[in-house]
Every structure is written in C-alpha cells, then in structure tokens.
There are 2 protein chains.
Amino acid sequence: MGVTIKDVAREAKVSVASVSRALNGHGGVTAETLERIREVAARLRYIPHGAARSLITRRTHTIGALLPDLYGEFFSELIRGIDLAARVHGLQLLVSSSHDGSAEAAAALRAMQGRVDGLLVMSPHADAAFLRQNLPVGLPTVLMNTVLERDDYAALSVDNAGGARLVVEHLLGEGYRRIAFIQGPVGNHDVAEREQAYRDALAARMPGVPPIVLPGEFDEASGYRAGQRLVAMSPRPDAVFAANDMMAIGCMAAIREAGLRIPEDIAVAGFDDVPMARYVSPALTTAGVRIAELGKAALDQLAGQIDGDADAAAPVHVRIPAELMVRASSARNHASKAAASD
Amino acid sequence: MGVTIKDVAREAKVSVASVSRALNGHGGVTAETLERIREVAARLRYIPHGAARSLITRRTHTIGALLPDLYGEFFSELIRGIDLAARVHGLQLLVSSSHDGSAEAAAALRAMQGRVDGLLVMSPHADAAFLRQNLPVGLPTVLMNTVLERDDYAALSVDNAGGARLVVEHLLGEGYRRIAFIQGPVGNHDVAEREQAYRDALAARMPGVPPIVLPGEFDEASGYRAGQRLVAMSPRPDAVFAANDMMAIGCMAAIREAGLRIPEDIAVAGFDDVPMARYVSPALTTAGVRIAELGKAALDQLAGQIDGDADAAAPVHVRIPAELMVRASSARNHASKAAASD
DNA sequence: GAGGGCAACGTAAACGTTTTCATCGCTGCT
DNA sequence: AGCAGCGATGAAAACGTTTACGTTGCCCTC
C-alpha cells in the first residue's frame with residue numbers, strides 16, 4: 001500500500017541502508033547519491049513508517065497523557081501547557097481520557113506501551129497498586145495531582161491546602177464570618193485537601209464556629225444546586241467557597257436568582273482561576289493555579305527523565321503554589337476597586 | 001529492557017505463537033496452557049509492544065489530529081467531541097497543534113505516518129498542494145473547516161454563512177441599524193465566510209447602508225481594541241457582530257468601560273457559542289455551533305472510512321448548521337426575557 | 001608497486017509482534 | 001490396522017526501519 005524505503009532504494013538503485021543514511025543525514029553518502037535519493041524519495045512521496053522506525057530506535061518522540069477528563073477549562077489549559085512544552089522538546093502527544101473505571105484506564109495505559117517514550121498520568125485510579133500493575137517498568141513517568149505513598153515516581157501537584165487557606169483567610173479578612181464550603185466529587189484527593197484546609201483555617205481563626213459543607217460534583221449544575229440550598233439556610237452564610245470555579249459560577253447564578261447581591265449579601269470564591277473566572281460578573285475571586293504552568297512543568301520533568309539526565313533521574317515531588325486572585329465577588333469593603341486586581 | 005513475548009514464551013515453555021494466540025483470544029490453545037500463559041504474563045507484567053504489533057497488523061487504533069491551536073474554548077470543545085467519539089470507536093488520539101508555519105505542520109503530519117489509522121486535519125496550511133505533498137496516499141482523512149477545491153477528501157465545516165446571516169437578521173429584527181463587524185485573522189477562511197454573509201445580509205436588507213468592518217485577531221484583546229474604536233466612532237454603531245465569541249467578550253468590556261450600556265446603547269453578538277458565552281453578563285447572543293458535535297461527526301466519518309465500509313468511502317462534504325442563540329446582549333426590546341432562551 | 005587506510009556502499013541482523021504453514025499426536029471410522 | 005480429520009503446537013516469514021559489520025575501490029605513502 002504505502003511506499004517503503006525499499007521502493008526508494010530500488011528506484012534510486014542503491015541499498016536500503018544508503019537510503020536510510022541519506023535521508024537521516026548520517027553521512028557516508030556521496031553528494032550525488034544523496035541528491036538522487038532525495039529526488040526519488042520526494043518523487044515517490046516516501047514518508048518513513050514511524051512504528052517501524054521506533055521499533056528499532058526505541059524512541060517514539062511521543063509522550064502519553066492519561067487524563068481523567070477533557071471537559072472544561074482546567075483540562076483545556078492543562079493540555080495547552082503540556083502541548084506547548086512538548087513542542088519545545090519536539091514531542092508529540094498521545095492523549096487518553098475520561099475512562100470511567102479502573103479497567104478502562106488500565107487498558108488505555110497498556111495500549112500506550114511501545115508507542116510512547118514517557119507517561120504523564122493524572123487519574124483518580126492511579127494508586128500505587130494500579131501503577132505497578134499497568135506501567136511497564138523503566139518507563140519514565142510523571143504523576144500529576146495523584147496521591148501516592150511511596151516515592152517511586154516523580155510527582156507534581158498543586159498546593160491545594162495553601163490555596164484554600166489563602167481564600168478562607170481572605171474572606172475572613174474581608175469581614176465574612178459564616179463561610180460555607182462546596183465539595184467536589186467524593187474521593188477526589190484535591191477536594192479533600194482543599195476541604196481540610198478550609199476546616200483548619202476556620203478552626204484556627206474562628207474557633208468554635210462550625211464549618212458548613214455542601215456536596216458538589218465539580219460542574220456548574222451542582223454548584224447551582226448548592227447555591228439554592230445555601231440561600232435557604234438560616235442563618236444564611238455570608239460567604240461561600242467552592243472547591244472549583246465552575247461550581248462557584250453555578251452558585252452565583254443561584255444566589256442572583258434568589259434576589260441576593262454578590263458580594264454584599266453573599267461573597268463567592270472558587271478555586272483554579274479558569275479563564276472564565278475574570279469574565280463572569282461580578283468577577284470571581286479564586287485561588288489561581290497556573291494550570292498551563294503545571295502541565296509545562298510536568299512535561300519538562302518528564303523530558304528530563306527521558307533524556308536520561310542523571311540529575312533529573314531522582315524522583316522529585318513538586319508543589320505548584322496557588323495564588324490568590326481577589327476580584328469583585330468577594331470584595332465587600334472595596335468592591336469596585338478590587339476588580340482591577342487582575 | 002522491557003519484557004517481551006519471548007520472555008513469556010520461555011517462562012511458560014511454549015512458543016511465542018502460542019502466547020500470541022492465548023493472549024489475543026484467538027483460540028487454538030488448551031484451557032490449561034491458556035491459563036499457564038495468562039499466569040506467566042501477569043507475573044512477568046508483560047505488556048505487548050504497540051509499535052511492533054501495529055507494524056504487522058497494520059492497525060494502530062489511533063487517529064491523528066492536526067489542529068491549528070489548542071488554546072481557548074473552541075478547541076477544548078472540539079477535542080472533547082473528538083475524544084468522546086474516539087472512545088466509542090476504541091481509538092486513541094495523537095494530537096499535534098499550534099505549528100506556526102507550513103513546514104512545521106508538514107513535519108507533524110509526516111511524523112504521524114505509521115502511527116495512525118486516519119487523520120483529522122484542521123489547519124490553515126492544509127491546502128490541496130500541502131495535503132498532496134504530506135499525506136500518505138490511501139490514509140483515511142477527514143478535513144475540518146478547510147477550504148479545498150477538489151473533492152479528494154471528506155470534509156466537514158460549519159455553516160459560517162448561515163450562522164452569520166442569522167445573527168445579522170436577528171439584530172436587524174431587533175431594530176438595530178448600524179451594525180459593525182469585527183474580523184478575525186486575515187486569511188482565515190471561516191472569517192471570510194462570516195464577513196461575506198454579514199455584508200450580503202446587510203446589502204439585502206439595508207441597501208445603501210455601508211458595512212462597518214474592524215480588524216481582529218480572534219482573541220479577547222483584539223476584541224477589546226475593536227470595542228474602543230467602536231465607541232469612538234461617530235455616528236456610533238448601535239450593534240456589533242464579532243467573528244467569534246472571545247472578541248465579542250473583549251468588545252463588551254471596552255463598551256462597558258466607555259460607560260455605555262449593553263444592549264441599550266450597543267448590542268453585541270458573537271459566533272461559536274463557547275460555554276463562557278452564557279456566563280458573561282449580559283449573556284452573549286451568538287451563532288452556536290455544536291462544536292463537540294462537529295468533532296464527533298468528523299471522527300465518526302473517519303472511523304467509517306477506516307473500517308472500510310464501502311458506503312462511507314465516498315468523500316462527503318457536510319455542513320454543520322449554526323443555530324442562533326439569542327441572549328441578553330442583543331435583546332433591546334425584551335432584554336430580560338430573552339436571557340432565558342438557553 | 002605493494003600495502004594501509006578510508007570513504008562509499010551493501011548485506012544482514014535486529015526490534016517485537018502476528019500469522020501462515022507444517023508437524024504431531026490423537027480420535028474415530030471403515 | 002490403517003487412514004482421514006482435527007485440534008494443539010511450533011517454526012519461520014513478514015512488517016519497515018536502523019545499524020553493525022563486511023566489502024569494495026581508491027588514494028596516499030613508503
């Protein structure tokens with residue numbers, strides 16, 4: 001079907017070895033044969049077969065990314081960061097996502113064997129046992145936002161606790177006292193860290209005041225439902241901290257529909273700083289993670305491992321700091337001015 | 001380095017052929033040998049080498065996606081649609097994006113040879129000559145939003161003209177008379193179609209009224225700049241139609257900063273219906289393309305070609321219709337009610 | 001002029017699979 | 001008892017590359 005290196009060799013009246021050398025610039029070919037081979041290859045529209053090549057070279061120039069989902073701005077930004085860094089390193093991207101179920105994630109992971117030089121893993125299923133079972137030994141791997149007990153792999157994660165603490169302390173500093181929290185999916189490790197930090201900060205600064213925790217699912221709809229429950233409570237909370245921005249945005253809609261003002265009646269804050277956060281009105285206060293930076297850092301780390309730099313061989317654990325973005329949705333005291341903070 | 005099928009064969013005291021048959025469920029193996037091979041494979045953590053396998057089977061179960069960019073909600077949605085459909089067909093995704101320059105795009109395309117079963121191409125560089133030069137013959141390919149003269153490939157594109165016409169006619173219907181248009185990047189085919197439809201609709205419904213066209217670059221910043229120019233014009237336009245949503249959102253910010261009201265002083269409309277469009281305030285009127293649907297349709301078409309269904313073999317040209325989403329940013333006459341239209 | 005060295009080129013092995021074909025032993029039938 | 005048929009298994013080719021190694025021919029040097 002396709003034209004192979006043999007076809008080029010035959011047509012140029014040389015051996016396949018010479019074609020390979022010529023086209024890869026390895027030298028050892030006369031200028032005129034080089035030219036002839038080039039001409040024939042172009043004329044025949046020869047394109048080397050990647051799988052065959054990487055079978056022998058043991059390099060695919062591709063990295064695999066195992067993600068829990070592709071939906072929403074978080075992953076959009078993450079992939080963008082990964083892709084940008086990948087281009088710098090001359091790597092392609094094999095993505096696999098939204099596998100519901102550990103078995104499916106395992107299949108996706110195994111299907112990548114032999115087609116990638118390294119792996120970027122961000123998956124709720126990625127516990128130590130899962131990885132040991134499904135990762136080829138010796139394949140460079142970087143984990144993202146994954147809870148793991150041992151130091152087998154390099155890992156990057158966002159500083160959930162630090163970011164959540166910043167948000168809660170900011171709300172307290174603005175004078176809000178009854179601060180509610182909207183959770184994400186149960187079992188999600190990021191959510192657990194954020195919630196714990198919320199509880200800790202509250203306990204530290206407002207001892208005796210009980211936390212108010214509402215369920216959520218990371219999507220806008222569940223934030224909306226949480227908002228409805230919120231406005232019906234008595235006494236009504238005067239601030240809400242959602243575990244991610246999309247829920248915060250849904251929550252804002254529910255609050256507005258109840259005829260309440262943001263931030264005068266209820267302040268709202270989120271987590272992630274998705275691009276949309278600054279465009280909703282009032283603009284959303286949030287703990288910003290440079291999401292694209294996270295992706296870039298992960299890929300850079302992975303590329304280091306792949307290139308076998310001994311210095312990069314040691315599994316590192318990096319926490320990406322979260323940064324507080326104060327916007328109008330929480331600025332009770334200086335509502336309009338704070339909107340300029342981004 | 002990795003454990004291969006030979007290791008399993010040796011350990012299980014059978015030939016590699018039997019291991020292959022056993023693990024792939026091709027039958028022809030006794031129940032007990034099957035069990036033994038399975039046990040050994042699991043114990044050794046054997047994972048088949050994808051490149052080697054696809055070299056002989058000529059199937060990679062992967063499709064390549066060549067995209068101009070990964071930034072923004074449009075591509076986020078597009079990839080999501082593609083990914084969702086890919087999972088249904090059991091395909092993985094090799095993405096390559098943001099190549100500035102035809103040469104880079106060509107390299108990305110060629111690097112996919114042998115690693116994919118089909119190609120999804122959406123690139124400004126993808127003219128007929130480029131494709132003929134860099135596409136292996138016989139590789140199933142579906143083009144998205146690409147202008148091409150001949151019918152060599154299947155192609156899907158959004159109905160830019162129809163969507164733009166809907167927007168302009170809606171604005172006219174609401175009573176707006178001086179409607180400006182914000183362009184996208186020069187040379188972009190989608191933009192050209194939208195602009196032409198804008199001009200046509202204006203000429204048809206308001207003969208003699210000259211079109212007002214401002215430059216733009218598809219990003220929020222250029223929309224903002226266009227908005228600044230807009231409010232400074234005299235006579236001032238009373239409506240603006242941006243070639244995409246992000247520019248419309250940037251434009252809205254400029255209008256607000258000038259102290260004007262939306263939609264009372266100036267109506268705003270966009271194109272794409274990105275998720276953010278319904279969250280900005282006022283919510284943005286836009287011509288909605290089911291972006292994820294576009295991706296899904298493209299991948300379904302490609303999968304059909306790959307499976308060699310003779311019925312899907314004929315190159316098809318499909319136009320995805322655009323749908324008008326009327327929201328508050330353009331509803332002069334019934335401002336608050338129209339917001340409920342989504 | 002013989003021999004050494006080197007550049008250009010070809011031969012063939014190797015990468016890790018799948019699959020065709022042949023072999024072997026067995027069963028069941030005549 | 002012999003033989004056809006069949007199920008289980010193994011040997012080997014094939015996929016399209018890269019590359020180690022061998023061969024050839026030439027030039028240079030002594």
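None of the values given here were measured: they were computed from a predicted structure. Chain letters run A, B, ... following the sequence lines, proteins first, then strands; residues in each count from 1.
Phosphate contact (OP1/OP2 of C:dC9, side-chain N/O of A:Thr33, threshold under 4.0 Å): present. At D:dT18, none of the side-chain N or O atoms of A:Arg58 fall inside 4.0 Å of OP1 or OP2 (strictly under the cut-off).
Separating the CG atom of B:Leu55 from the C1' atom of D:dC15 is a distance of 4 Å, rounded to the nearest angstrom. A straight line from CZ of A:Arg53 to P of D:dT19 spans 9 Å, rounded to a whole angstrom. In this structure, A:Ile37 atom CD1 and C:dG10 atom C1' are separated by 12 Å, rounded to whole Å. Taking atom NE2 on A:His49 and atom P on D:dG16, their separation rounds to 7 Å, with Å as the unit. In this structure, B:Ile5 places its CD1 atom 13 Å from C1' of D:dG10, rounding to the nearest Å. One can place CD1 of B:Ile56 at 7 Å from C1' of C:dT17, the figure rounded to the nearest angstrom.
At least one donor-acceptor pair under 3.5 Å links the side chain of B:Thr141 to the backbone N or O of B:Leu139.
Taking 4.0 Å as the cut-off between side-chain N and carboxylate O, A:Arg87 and A:Asp83 do not count as a salt-bridged pair.
Closest to the side chain of B:Lys6, out of C:dC15, D:dA14, D:dT17, is C:dC15. The side chain of A:Thr30 sits closest to C:dA8 out of C:dG16, D:dT17, C:dA8.
The shortest side-chain heavy-atom distance between B:Leu67 and B:Val95 does not fall under the 4.5 Å cut-off. In this structure the side chain of B:Gln92 reaches within 4.5 angstrom of the side chain of A:Met112, judged on heavy atoms.
The side chain to side chain donor-acceptor pair (under 3.5 Å) check on B:Asn145 picks up B:Asp190, with sequence neighbours excluded.
Residues from residues 7-29 of chain B that place a heavy atom under 4.0 Å from any atom of DNA chain D, listed by number: B:Lys13, B:Val14, B:Ser15, B:Ala17, B:Ser18, B:Arg21, B:Gly28, B:Val29.
The stretch residues 27-43 of chain B participates, sequence neighbours left out, in these side-chain hydrogen bond (donor to acceptor under 3.5 Å, both in side chains) pairs: B:Glu11-B:Arg43, B:Glu39-B:Arg43.
Between B:Ala31 and B:Gln113, the residue anchored closer to the 5' end of DNA chain D is B:Ala31, taking for each the nucleotide with the nearest heavy atom.
Contacts of A:Ser54 with the nucleic acid, taken as non-hydrogen atoms under 4.0 Å apart, are absent.
Remark: A:Tyr71 OH to B:Ser76 OG distance equals 8.5 Å, nearest 0.5 Å.
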